[in-house]
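Let me begin by presenting the structure, written as structure tokens, before commenting on it.
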Amino acid sequence: MPKHFSRLSKAFRFPADRSGNVAVVFGVAAPVLIALGGAVIDYSLARGQHSALQAAADAAAIAGARELAMAGVDRNRISQVATAAAIANFAGSGRDAPTVLATVTSDSSGVRVDLAAPVSAIFGEFVRVAPDEVKATATAKTLGEKICVIGLEENASQGIRLQDTATLSAGGCSIYANSTNPEAITAQDASRLEASTICSSGGYRGLDANYRPVPLTDCPQIDDPFATLPQPAAGGCIATGLQGQAVSTVLTPGTYCRGIEIKNGAKVTLMPGIYVMKDGPLRVESQAELRGEYVGFYFTGNNAVLRFTGDAVVELGAPKTGQMAGMLFWQDRTSTGLGQFRIDTNYANVLLGTIYLPQGRFTVDAEQSVAEESAYTALVVKRLELSAGPRLVLNTDYDETDVPVPVGVGPTGATRLVN
């Protein structure tokens, strides 16, 4: 046979049948591949379990620190609160309760929480890559100070703004601006911002003379202390578009659809309770008067804002019990837009309680002192603006009133995670 035919026949020769060998190899490798796949799944489950455990530890530490700020060093009570928070948060992820160790830090300024939970491995009996248990640790501390202003704006400039000859006087407490903007706090012209501490997560604008003391920068942001509180409910309308004019009137708590307007010298007294402004404002103007002890206002729906103007006389104090204890003004957290809550009367001397406007702009542009006769006033608002010539006074005489201070402001301060 010619040589080139011999070479050709070799080139087209079929390979030997090795299917039996492949089957043998796969049979040997299959358990290994399955085990490795199971290990990956178990490891992924362990990582998810650790993330859930860490979130539970964070929540428990903050809960314990808040209890510490409110009740002092009652170690048993703090441990109970932190343990309950850890179990509730971790169980919410569909897993069994962890073991919890909650302790007060050595300097009594915070709470440390250590959690551990067994890992629910699916393939652990074949191959063990994931740990037998996951652990998480968190420590939260009280800020150790009285807080009377939290500006909730997170990134825009002028979250807190003063201009003209306006003064914000909070010598006994601290002011925090959450915005990370370089001009988170602005004080211009002859305005003045006074507090025990002024702290900005971003920066500030203005001369040193506009501040006492000069603001600290790069401060940690403070979470909205009321973000998880259940909101009041709006009921059926007891009045629609109520207008009080040139008479003396007593109003009772309830839902006022389209709000309340008081003007033309009318004098209105409020009975204790919650007043819901639904789809309308609370307006007091034209030398009218509005007075009420142990009253709270909840603003919800379209145009649910407030305006005190035209030399109106306003003297209001927050409830001492119930859902709005310590809360004077409360804006619905689901509100859209930046609602305008404005005071430009010179006679709003008593605003006792906490003003909570998570989606609102609180503006004061009177020419005289505002809130100076209140035992205390605290602000947790989206934005705060003072212009013209007011002196907004935020007192801290907590012992002079039976109206409580909500946890997160005032003497109960705020908390933050430190690791």
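As the structure is a prediction and not an experimental result, all values here were calculated from the model.
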Do any N or O atoms from the side chain of [X] and from the backbone of [Y] form a donor-acceptor pair under 3.5 angstrom?
{"X": "Asp164", "Y": "Ala166", "answer": "no"}
{"X": "Ser374", "Y": "Ala371", "answer": "yes"}
{"X": "His50", "Y": "Ala136", "answer": "no"}
{"X": "Asn346", "Y": "Gln368", "answer": "yes"}
{"X": "Thr377", "Y": "Gly353", "answer": "no"}
{"X": "Thr83", "Y": "Ser79", "answer": "yes"}
{"X": "Thr99", "Y": "Ala116", "answer": "yes"}
{"X": "Thr255", "Y": "Gly235", "answer": "yes"}

Can you name the side-chain contact (heavy atoms from CB on, under 4.5 Å) partners of [X], sequence neighbours left out?
{"X": "Ala233", "value": "none"}
{"X": "Thr321", "value": "none"}
{"X": "Val305", "value": "Pro281, Asn303, Phe341"}
{"X": "Ser369", "value": "Glu372, Arg391"}

Can you see which heavy atom on [X] is nearest to which on [Y], and at what distance?
{"X": "Val100", "Y": "Ala86", "answer": "CG2-CB, 4.0 Å"}
{"X": "Pro253", "Y": "Met271", "answer": "CG-O, 4.0 Å"}
{"X": "Ala85", "Y": "Ala59", "answer": "CB-O, 4.3 Å"}
{"X": "Pro406", "Y": "Phe226", "answer": "CB-CE2, 3.5 Å"}
{"X": "Pro319", "Y": "Pro404", "answer": "O-CD, 3.9 Å"}
{"X": "Ala366", "Y": "Ala388", "answer": "O-CB, 3.7 Å"}

Measuring from atom [atom1] of [X] to atom [atom2] of [Y], what distance do you get when rounded to the nearest 0.5 angstrom?
{"X": "Thr309", "Y": "Ile343", "atom1": "OG1", "atom2": "CD1", "value": "10.5 Å"}
{"X": "Gln231", "Y": "Gln331", "atom1": "CD", "atom2": "CD", "value": "9.0 Å"}
{"X": "Gln188", "Y": "Thr186", "atom1": "CD", "atom2": "OG1", "value": "6.5 Å"}
{"X": "Ile185", "Y": "Ser200", "atom1": "CD1", "atom2": "OG", "value": "4.5 Å"}
{"X": "Leu352", "Y": "Glu400", "atom1": "CG", "atom2": "CD", "value": "10.5 Å"}
{"X": "Glu194", "Y": "Leu168", "atom1": "CD", "atom2": "CG", "value": "8.5 Å"}

Could you go through Val370 and Val393, starting from their C-alpha distance and side-chain angles, then the distance that decides it, and tell me whether this counts as side-chain contact (heavy atoms from CB on, under 4.5 Å)? CA-CA 6 Å; Val370 172; Val393 181; over 6 Å; no
Is the closest side-chain heavy-atom distance between [X] and [Y] below 4.5 Å?
{"X": "Leu316", "Y": "Val350", "answer": "no"}
{"X": "Leu379", "Y": "Ile150", "answer": "no"}
{"X": "Tyr347", "Y": "Glu289", "answer": "no"}
{"X": "Ile78", "Y": "Val104", "answer": "yes"}
{"X": "Leu384", "Y": "Arg161", "answer": "no"}
{"X": "Leu242", "Y": "Ile262", "answer": "no"}
{"X": "Ser179", "Y": "Glu154", "answer": "no"}
{"X": "Val380", "Y": "Ile355", "answer": "no"}

Provide the full list of side-chain hydrogen bond (donor to acceptor under 3.5 Å, both in side chains) pairs with a residue in residues 352-367, sequence neighbours left out, each pair given once. Asp224-Tyr356, Gln340-Arg361, Gln340-Thr363, Arg342-Asp365, Arg361-Glu385
For residues 202-216, which residue pairs qualify under side-chain hydrogen bond (donor to acceptor under 3.5 Å, both in side chains), counting only residues two or more places apart or in two chains?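 Output for this query is empty, none listed.
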With sequence neighbours excluded, what pairs up with [X] under the ring pair (Phe, Tyr, Trp, His ring centres under 6.0 Å) test?
{"X": "Tyr294", "value": "none"}
{"X": "Phe362", "value": "none"}
{"X": "Phe308", "value": "none"}

With disulfide bond (SG atoms under 2.5 Å apart) as the rule and sequence neighbours excluded, what pairs involving residues 326-398 come up? none
Residue pairs passing the disulfide bond (SG atoms under 2.5 Å apart) test with at least one member in residues 170-201, sequence neighbours excluded, are Cys148-Cys173, Cys199-Cys219
Run the side-chain contact (heavy atoms from CB on, under 4.5 Å) test on Leu290 and Val313 for me, step by step, so that the C-alpha distance in whole Å, both residues' side-chain angles and the decisive distance to 0.1 Å come before the verdict. CA-CA 6 Å; Leu290 178 64; Val313 176; over 6 Å; no
Apply side-chain contact (heavy atoms from CB on, under 4.5 Å) to Tyr275 and Tyr298, showing your working. CA-CA 6 Å; Tyr275 293 76; Tyr298 178 61; over 6 Å; no
Please say whether more than 12 non-hydrogen atoms of neighbouring residues, nucleotides or ligands are located less than 6.0 Å from NZ in Lys135.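 Counting other residues, nucleotides and ligands, NZ of Lys135 stays at 12 neighbours or fewer.
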How about CG on Asp397, more than 12 heavy atoms from neighbouring residues, nucleotides or ligands closer than 6.0 Å, or not?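 Yes, enclosed.
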Would you please say whether a donor-acceptor pair under 3.5 Å links the side chains of [X] and [Y]?
{"X": "Ser191", "Y": "Asp189", "value": "no"}
{"X": "Gln80", "Y": "Asn76", "value": "no"}
{"X": "Asn155", "Y": "Thr180", "value": "no"}

Tell me whether Lys320 is salt-bridged to Asp402, with the criterion being a basic N under 4.0 Å from an acidic carboxylate O. yes
CA sep, side-chain torsions, deciding dist, call: Ile175, Thr197, side-chain contact (heavy atoms from CB on, under 4.5 Å): CA-CA 6 Å; Ile175 294 173; Thr197 302; over 6 Å; no
Could you give all pairs that pass the ring-ring contact (aromatic ring centres under 6.0 Å, His included) test and reach residues 183-202, with sequence neighbours left out? none
